[in-house]
Amino acid sequence: MTQPTSHAAPSLRAAGRIAIETAWQAAIRSGALPPVPPDAVVPTVEVEHPADPSHGDLASNLAMKLARPLRRPPLAIAEAIATELRTSAGDIFASVEVAAPGFLNLRLSDAALERALDVARTADAGFGRLTSDQPRKVDVEFVSANPTGPLTVGNARGAFVGDLLCRVLEAAGQDVTREYYFNDSGAQIEHLGASVAALKRGEPVPEDGYHGAYVEQLASDVPADVWAAATSDGAEADKVLGAWASVRVRHMIEASLERLGVRFDVWKSEASLHDEGWVSRAVERLREGGHVYEADGATWFRSTTFGDDKDRVIHRSDGRPTYFAADIGYVTEKFSRGFDHLIYIWGVDHHGTIARNKNAAQAMGFDPDHYEVLLVGWVRFVMDGVEVSMSKRAGTFVTLDDLLDAVGVDAARWFFASRAAHVAFDFDIEQARAQSADNPVYYVQYAHARICSILRKAAEAGIVPASTFTGTLDGDTVAQGLAREVLRLPEVVEDAAAAQATHGVTAYATGLATVFHGYYRDRRVVDPADPATSAARLALVDAARLALRNTLGLLGISTPEQM
RNA sequence: GCCCUCGUAGCUCAGUGGAUAGAGCAGCCGCCUUCUAAGCGGCCGGUCGCAGGUUCGAUCCCUGCCGAGGGCGCCA
């Protein structure tokens, strides 16, 4: 996986990493530590937040990593770096400790936390967004359901996961294009046209046709001129009506996606890839490279050259191109638009097609590492512990719109965001629908609303947040805890973008809400008798609001000011 | 048969070479005269599928086995 080039806005973790790196180098210069021998691997400085708060705010295993190459006990190495940190790291750390078997445990000072809070508040909506000197230009193709019917719950996960990924990458400073690929010609579309034609004529829908209320709606909506064109002499009614209907259906799909808050930058038609010659040129490119041959009357791509199980057909023996042919052309078309990286979001059932596509990209001279497929696992929609039937005949819960009607956009986004994309999971409709504490999304939104309520209360009392955080924490461990959690946001975004996954973001949101609720319990914010303390606490609570707002915003989830 | 993914608390899922494995839900017990109880505190609950191996250290990496799902088309 290629790492984004983005660098974090000042995160506390990054500050700790730099401080340790600097101290380590200083210890080498002073002779306290030997340099890493040339034949050994120089370890990277890893900094994490220890699970146990008694281990401090930040911890590093650097000394243990260095023990072998330096041939010294890890505790001695840690002590050397700690000594350097204590003398030259300024006022960033309140304490620097060494713990067995060689951990370096750091505790941040109030001053460091307060400065970071000031920066966060100034950044405002930009807090938690990273910048990049050279943003990676990435194309994310997802959903890409053919316009023969409304989006189904089967399409839902791809739609949410794709958009969530895009949001995370954007927050990490990357240049993201959301792309939807659709088949606007061929058999499926003709079947749709035939179905519409049949209903329009009052005949039954053909065997391989499409059913459902939307088809009837389409039939009754056919404009007179389209119908005339379809039924004129020599016209192919199915094709004409199919073309018209697929555009209508596509707009329907677009409206559903709009409802989820997903908007695509590019809608790419398969036909255009053929019409503009992308497919034939790509096949020619493969042929020139010796990767194409004819057999059994068909044209094949020699995918086995790159380790595939078998070679793959590009043109069938009847001359028609396969879907794979269009994929090949599409890859060249995408790279011609200057993307550094292509991401495809597919269902696990497409896993078998990854190899041939990646191989074709490689055969055409593209770096296969820049062709990435993320698979999304199956979802079972569960109610009362049993799977909800999704059969069209049952009439319930077939479309994506049904799902949104049942649980709402916020809950749907949360549930899809909080699971790793590639694993199968059960979507509990009851829990997602619950307007109560059972529902984690409300739990987090409630924290936000609660803060807004405090802010309103404060305004009534004439209390304004402190203009600077300097001196506001004042050794208060409860306040420090909230500040640390707030300030983790940039790290959470960095990690999410690197992992190309969002479940760390929902976990962070839940944790932040929990820490805030604890603060609310332990510290009264608005106290007219003590305006100075109130102003300090109000500023901190407002910073928590900022972090919650930006986190939920990142997930596309609303932030109500009262509930 | 071959390939991919998964197997962690009763349920749904995180975690991932490090310091006592986490969250939500469910269950049980407490807390509203004071900024929103959609909240807070506590309890219960795990041989991290099984067996080997690598490592100072493995739930995480490697091998084998067992179980679940998916893929192996001139379908998409």
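Labels below follow one simple rule: chain letters A, B, ... track the order of the sequence lines, proteins then strands, and each chain is numbered from 1. Nothing here was measured: the structure is a model prediction, and the numbers come from that model.
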Side chain of [X], heavy atoms from C-beta onward: which of [options] has the nearest atom to it?
X: A:Ser453; options: B:G24, B:C35, B:A38; result: B:C35
X: A:Ala59; options: B:A19, B:C13, B:C35; result: B:A19
X: A:Pro50; options: B:C13, B:C35, B:A19; result: B:A19

Checklist entry - RNA chain B: A:Asp52 or A:Asp527, which has the more 5' nearest nucleotide? => result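 The residue closer to the strand's 5' end, by nearest nucleotide, is A:Asp52.
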Next on the checklist: Can you work out whether A:Thr510 or A:Ala421 has the more 5'-proximal nearest nucleotide on RNA chain B?
Outcome noted: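 Whichever sits nearer the 5' end wins; that is A:Ala421.
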Give a yes or no on whether the ring-centroid distance for [X] and [Y] is below 6.0 angstrom.
X: A:Phe516; Y: A:His448; value: no
X: A:Phe416; Y: A:Phe427; value: yes
X: A:Phe264; Y: A:Phe142; value: yes

Checklist entry - Do A:Glu294 and A:Thr299 have side-chain atoms, one donor and one acceptor, less than 3.5 Å apart? => result yes
Provide the distance between the two [atom1] atoms, one in [N] and one in [M], to the nearest whole Å.
N: B:G49; M: B:U8; atom1: C1'; value: 10 Å
N: B:G17; M: B:G24; atom1: P; value: 24 Å
N: B:A51; M: B:G39; atom1: P; value: 41 Å
N: B:G46; M: B:G10; atom1: C1'; value: 12 Å
N: B:C25; M: B:A9; atom1: C1'; value: 12 Å
N: B:U63; M: B:A23; atom1: C1'; value: 33 Å
N: B:G7; M: B:C62; atom1: P; value: 14 Å
N: B:C31; M: B:C50; atom1: C1'; value: 46 Å

Checklist entry - Got a donor-acceptor pair under 3.5 Å from the side chain of A:Asn105 to the base of B:A19? => result yes
If I take atom [atom1] in residue [X] and atom [atom2] in nucleotide [N], what distance separates them, rounded to the nearest angstrom?
X: A:Arg68; N: B:G18; atom1: CZ; atom2: P; value: 17 Å
X: A:Glu430; N: B:G24; atom1: CD; atom2: C1'; value: 16 Å
X: A:Arg380; N: B:C11; atom1: CZ; atom2: C1'; value: 12 Å
X: A:Asp522; N: B:U34; atom1: CG; atom2: P; value: 17 Å
X: A:Phe103; N: B:C56; atom1: CZ; atom2: C1'; value: 12 Å
X: A:Gln431; N: B:C11; atom1: CD; atom2: C1'; value: 10 Å
X: A:Trp414; N: B:A14; atom1: CH2; atom2: P; value: 14 Å
X: A:Lys65; N: B:G57; atom1: NZ; atom2: P; value: 16 Å

Looking at [N], which nucleotide sits across from it as a Watson-Crick or G-U wobble partner, both distances under 3.5 angstrom, or is there none?
N: B:C2; answer: B:G71
N: B:G24; answer: B:C11
N: B:A19; answer: none
N: B:U33; answer: none
N: B:A58; answer: none
N: B:C65; answer: B:G49

Item to check | Rounded distance [0.5 Å steps], OG1 in A:Thr559 versus CG in A:Leu552 | outcome: 6.5 Å
Any base atoms under 4.0 Å from [X], or only sugar-phosphate, or nothing? Heavy atoms, all strands.
X: A:Ala67; value: nothing
X: A:His55; value: base
X: A:Tyr520; value: base
X: A:Val423; value: sugar-phosphate
X: A:Glu460; value: nothing

Checklist entry - Are A:Leu512 and A:Val486 side-chain neighbours, meaning at least one heavy-atom pair lies under 4.5 Å? => result yes
Item to check | Protein proximity profile, nucleotides 40-46 of chain B - base contact B, sugar-phosphate-only contact S, no contact -, cut-off 4.0 Å on heavy atoms | outcome: SS-----
Checklist entry - When you check every protein heavy atom under 4.0 Å of nucleotides 67-76 of chain B, what one-letter string (B, S, -) results, 5' to 3'? => result --SBSSSBSB
Next on the checklist: Does anything in residues 520-540 of chain A form a salt bridge (Lys or Arg N to Asp or Glu O under 4.0 Å)? List the pairs, not counting sequence neighbours.
Outcome noted: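 Qualifying pairs, neighbours excluded: A:Asp476-A:Arg523.
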Item to check | N/O donor-acceptor pair under 3.5 Å between A:Arg167 side chain and A:Gly553 backbone | outcome: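 Flag set: sc A:Arg167 to bb A:Gly553 pair under 3.5 Å.
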Item to check | Glycosidic conformation of B:C29, taking syn as within 90° of 0 and anti otherwise | outcome: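 Anti, which is what one calls it when the glycosidic angle falls more than 90° from 0.
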Next on the checklist: Tell me whether the rings of A:Tyr180 and A:Trp267 are parallel (<30°), tilted (30 to 60°) or perpendicular (>60°).
Outcome noted: parallel
Next on the checklist: Quick test of your reading of the model: are A:Lys268 and A:Glu333 salt-bridged, counting only N-O distances below 4.0 Å?
Outcome noted: yes
Item to check | N-O pairing of A:Asp318 and A:Arg320 below 4.0 Å | outcome: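 Salt bridge present between A:Asp318 and A:Arg320.
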Checklist entry - What are the two closest non-hydrogen atoms of A:Ser60 and A:Ile20, and how far apart are they? => result CB-CD1, 3.7 Å
